[in-house]
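We number each residue from 1, following the sequence as shown.
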Amino acid sequence: MARATGFPRADVENDFLRVRRRQVLARLAHRLRREPDDVNLILPLDDVVAALGRRGERSLGLQTIRLDSVVGTVDSRRDFDRYFRPMSGRSRQRWERLALAQARGEAVPPIDVYRVGDLHFVKDGHHRVSIAIAHGLETIDAYVTEVLTVVPARGIRRRGDLITKDYERMFRARVPLSTAQLAKIVVSDPWSYAELGEAVEAWGFRCMQHSGTFLDREKIAQRWFTEEYAPVVRMLREADLLGKRTEAEAYLVVAGERYRLIRTHEWTDEVIERLREERRLR
């Protein structure tokens, strides 16, 4: 932020214009770099919670939070971008009025935020966050309400990430594994969660046919992971068939190839050798 001139009103007017200019330049740079359209868009709380699945909420009281963790909003309006730079001149009057009050030494009340994982979403105080960031501050006082979710918020940085989280949430409902087991199921393409869910359910159906007994989702998930997934991943690693994929991605690929090549759902040394040979010939 520019050095104060001694004229507070002129200073805050210049501050707002400077922040707006940065927002415009950031949008231009975004287009020139051909980044995804949602990189600079503020995250809406409702969309994030819908993708992750709400389990409940609890009040954490007054806390000091990092400004770089404030990434979203409860408000349906979009007056600010992902970094709380004003998107237009519509918020100018209020922005400058609050900034002027702060420059004159008036007390700044805490903002109100919702916390999801390590991310914060503003309920009240958007302009105060914008001004604080513009002034180079690193923290701000806030009344925090934590939202508990089914799927962790880890990895969310833009709206496009919510698609992956939504598919992950549905996969968790279809395949109720433990937290430790779920941590081993990582894919980069959201659709892979749907494909893997289908594969597990198909495996469970064959398992019930073979045993002649009904198994609920929890039992199918546990048996699939211990009897199918973990042993197969171990065999693929030993046979050097993982490649650059994650374990789950490699499992999906070779499981499909196994059936295409040999028309079997069994795993044997012969199957692994055929898959290795197929990979060598490509």
Is [X] linked to [Y] within one hydrophobic cluster, defined over Ile, Leu, Val, Met, Phe, Trp and Tyr using a side-chain heavy-atom separation of less than 4.5 Å?
X: V150; Y: V187; result: no
X: I185; Y: V151; result: no
X: L62; Y: L137; result: no
X: V233; Y: V200; result: yes
X: V108; Y: F84; result: no

Heavy atoms only: give me the nearest [X]-[Y] pair and the separation to one decimal.
X: G155; Y: D161; answer: O-OD2, 3.3 Å
X: A132; Y: I140; answer: CB-CD1, 4.4 Å
X: L177; Y: A221; answer: CD2-O, 3.3 Å

Does some side-chain heavy atom of [Y] sit less than 4.5 Å from a side-chain heavy atom of [X]?
X: E238; Y: R234; value: yes
X: Q63; Y: P110; value: no
X: R92; Y: P86; value: no
X: Y83; Y: V71; value: no
X: R115; Y: V147; value: no
X: L162; Y: V48; value: yes
X: F121; Y: T73; value: no
X: Y251; Y: R245; value: no

Going by the rule side chain to side chain donor-acceptor pair (under 3.5 Å), which residues pair with [X] if we only count those two or more places apart in sequence or in a different chain?
X: S188; value: E249
X: D141; value: T64
X: R55; value: none

Query raised in the report: Centroid-to-centroid, F80 to H127, below 6.0 Å?
Result: yes
Requested in this report: Output every pair passing side chain to side chain donor-acceptor pair (under 3.5 Å) with a member in residues 144-153, not counting sequence neighbours, ordered by first then second residue.
Outcome: R58-E146
Query raised in the report: Quick one: salt bridge (Lys or Arg N to Asp or Glu O under 4.0 Å) pairs with a partner in residues 167-177, sequence neighbours left out?
Result: K165-E168, D166-R169, E168-R172, R174-E198, R174-E201
Report task. Name all pairs fulfilling the salt bridge (Lys or Arg N to Asp or Glu O under 4.0 Å) condition that reach into residues 128-137, sequence neighbours left out, sorted by first residue then second. Result -> D124-R128
Could you work out, with side-chain contact (heavy atoms from CB on, under 4.5 Å) as the rule, every residue matching [X], not counting sequence neighbours?
X: Y167; value: I163, M170, P190, W191, Y193, A194
X: V74; value: L45, Y114, K123
X: L252; value: S192, E195, L196
X: A142; value: I65, I111, V113, V144

Roughly how far, to the nearest 0.5 Å, is [atom2] of [Y] from [atom1] of [X]?
X: H120; Y: D118; atom1: NE2; atom2: CG; value: 8.0 Å
X: D216; Y: M208; atom1: CG; atom2: CE; value: 9.5 Å
X: L242; Y: K244; atom1: CG; atom2: NZ; value: 13.5 Å
X: T213; Y: K219; atom1: OG1; atom2: NZ; value: 8.5 Å
X: L98; Y: R94; atom1: CG; atom2: CZ; value: 6.0 Å
X: H210; Y: F205; atom1: NE2; atom2: CZ; value: 14.0 Å

Report summary line: Sequence neighbours excluded, the answer for salt bridge (Lys or Arg N to Asp or Glu O under 4.0 Å) partners of D47 is none
Report task. Mind checking salt bridge (Lys or Arg N to Asp or Glu O under 4.0 Å) for D112 and listing every partner two or more places apart, or none if nothing turns up? Result -> none
**Report entry** Test item: S130 side-chain N/O and H126 main-chain N/O as donor-acceptor pair under 3.5 Å
**Finding:** no
Query raised in the report: Is a side-chain donor or acceptor of T246 paired with a backbone partner of V186 at a separation under 3.5 angstrom?
Result: yes
Query raised in the report: Are the charged groups of E247 and R237 less than 4.0 angstrom apart, N to O?
Result: yes
**Report entry** Neighbour count >12 (heavy atoms, 6.0 Å) for atom CD, Q209
**Finding:** yes
Query raised in the report: Hey, which of L52, V116, T164 is the one that makes side-chain contact (heavy atoms from CB on, under 4.5 Å) with I156?
Result: L52
Query - No-hydrogen, no-angle side-chain donor-acceptor test under 3.5 Å, Q181 and Q222 - result: yes
Report task. Determine, stepwise, if the pair C207 / I220 fulfils side chain to side chain contact (heavy atoms under 4.5 Å, CB included). Result -> CA-CA 8 Å; C207 186; I220 289 175; over 6 Å; no
